[in-house]
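I have placed the structure first, in the form of structure tokens, so that the comments after it can refer back to it.
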Amino acid sequence: MTETECSLRPLNCELNYLSVPDGSTMFMQGDTSVLAGVYGPVEAKLQKMFHNKATVEATFGPIKGPPSIDDRFVELYVRDTCEGAILTSLHPAATVSINIQELQDCGGLLACSINAACLALINSSIAMKFTFAAVCCMIDKNSGDIVIDPSLIQTQNAKATFTCVFDSVNKELICCQTSGQFTEEDLTESINKCKEASKYIFDFYRDIVKKYATAI
């Protein structure tokens, strides 16, 4: 295990966690955990129907209270990432819904939600062009060091945070959420370190799929 791999918090998941969705998982990244369920493809409502492709929807439920603006951003990133990965042209006039429910946020909630969505899609057997992996990192405002997959306590000392999403085929950056102040050099170095860490998440996906394929 490399230094980058060791800096990721432990990953764990259980597929088929929910009985109603077509694919589901409970995914944990460190102490951050979410439930993800995928429904569809099913016939789309007329006002949301595309006749040449499927509509992709995402909803995010916070652990308590109504969704905030930040929660809506999680929905946006999950939806756009999943829509880019799903072969939507195979399901015209249909809808694919991804539901994320927060269970505990100890840092890296957006990355955890995106990774959970990917595992739920894999579990649902919906055809995808690629799988995807999200990695969060931060730049410490005191030391200037880049910390991969920081906890909520660590991010309190961050001058900038990044959540980067990569595809499984070319390991290219397909989505990036940023906050704080940083230079172009900071951004480039952070993306490269997240890209390196994403390989470990893709390996985790493969191990989980093999485990459940053997069980079936």
Side-chain angles (χ1 to χ4, degrees), residues 1-11 27-34 36 56 58 60 62-63 67-85 98 100 102 104-119 129-205:
M1 192 175 281
T2 67
E3 183 179 346
T4 301
E5 290 174 352
C6 288
S7 64
L8 279 172
R9 291 175 296 170
L11 306 176
F27 181 68
M28 291 149 281
Q29 208 159 325
D31 290 326
T32 301
S33 58
V34 300
V56 179
F60 178 85
I63 194 167
S68 65
I69 293 175
D70 288 342
D71 297 331
R72 296 303 185 201
F73 275 116
V74 173
E75 291 179 348
L76 178 66
Y77 283 110
V78 169
R79 186 198 70 201
D80 288 354
T81 301
C82 293
E83 187 173 36
I98 300 110
I100 308 291
E102 175 191 350
Q104 184 165 297
D105 180 12
C106 293
L109 181 62
L110 175 58
C112 188
S113 298
I114 291 173
N115 293 336
C118 185
L119 283 162
K129 292 172 277 189
F130 50 78
T131 57
F132 47 88
V135 180
C136 178
C137 76
M138 59 165 267
I139 300 175
D140 188 277
K141 65 183 177 184
N142 295 328
S143 65
D145 292 339
I146 294 175
V147 180
I148 296 293
D149 196 19
S151 67
L152 204 57
I153 294 173
Q154 288 175 304
T155 55
Q156 292 173 0
N157 202 45
K159 76 168 186 176
T161 61
F162 310 87
T163 299
C164 304
V165 188
F166 304 89
D167 74 87
S168 59
V169 178
N170 299 312
K171 305 299 187 291
E172 291 181 351
L173 183 70
I174 58 173
C175 176
C176 184
Q177 185 271 343
T178 65
S179 65
Q181 295 182 328
F182 52 89
T183 65
E184 184 176 345
E185 184 180 344
D186 289 335
L187 177 61
T188 301
E189 188 177 356
S190 297
I191 290 172
N192 288 336
K193 291 210 170 190
C194 287
K195 182 177 181 179
E196 190 66 30
S198 72
K199 297 174 184 176
Y200 181 60
I201 297 175
F202 286 123
D203 288 342
F204 176 78
Y205 289 170

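We number each residue from 1, following the sequence as shown. As a basis for the values below, the full set of heavy atoms in this structure was taken, side chains included, without hydrogen atoms, waters or symmetry mates.
Checked by atom type and distance alone, the side chain of Q104 pairs as donor or acceptor with a backbone atom of D31 at under 3.5 Å. Using a distance-only test at 3.5 Å, with no hydrogens or angles considered, no donor-acceptor pair links the side chain of E196 to the main chain of K193. T32 contributes a side-chain N or O that, together with a main-chain N or O of G107, makes up a donor-acceptor pair within less than 3.5 Å. A donor-acceptor pair is defined here as one N or O able to donate and one able to accept, closer than 3.5 Å; no such pair exists between the side chain of T188 and the backbone of E185.
Side-chain contact check for F132 versus C82: some heavy-atom pair is nearer than 4.5 Å. The closest side-chain heavy-atom distance from I100 to V74 is not below 4.5 Å. Put simply, the side chain of L76 does not reach to within 4.5 Å of the side chain of F60, judged on heavy atoms. With contacts defined as side-chain heavy-atom distances shorter than 4.5 Å, the pair Y200/L11 qualifies. F73 is not listed as a side-chain neighbour of Q177, based on a closest heavy-atom distance of 4.5 Å or more.
Each of D145, D140, D186 was checked for a salt bridge (charged side-chain N to carboxylate O under 4.0 Å, His left out) with K159, and the lone residue meeting it is D186. Looking at I139, N142, V147 one by one, the single match for side chain to side chain contact (heavy atoms under 4.5 Å, CB included) with N157 turns out to be N142.
Between E75 and R72 a salt bridge is recorded (basic side-chain N to carboxylate O distance below 4.0 Å).
Nearest approach of A160 to F182, heavy atoms of both residues: CB-CD2, 3.9 Å. Closest heavy-atom contact between E189 and I146: CG-CD1, 3.5 Å. Scanning all heavy atoms of the two residues, the minimum distance from Y77 to L110 falls at CB-CD1, 3.9 Å. Across all non-hydrogen atoms, the minimal contact from T178 to C176 is CG2-SG, 3.7 Å. Residue I201 comes nearest to A134 through the heavy atom pair CD1-O, 3.3 Å, listed as atom of the first residue, atom of the second, then distance.
One distance of note links CG of L173 with SG of C194; it measures 9.0 Å at 0.5 Å rounding. Remark: C137 SG to F162 CZ distance equals 6.0 Å, nearest 0.5 Å.
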From CA spacing to verdict: side-chain contact (heavy atoms from CB on, under 4.5 Å), I191, F166:
CA-CA 10 Å; I191 290 172; F166 304 89; 4.1 Å; yes

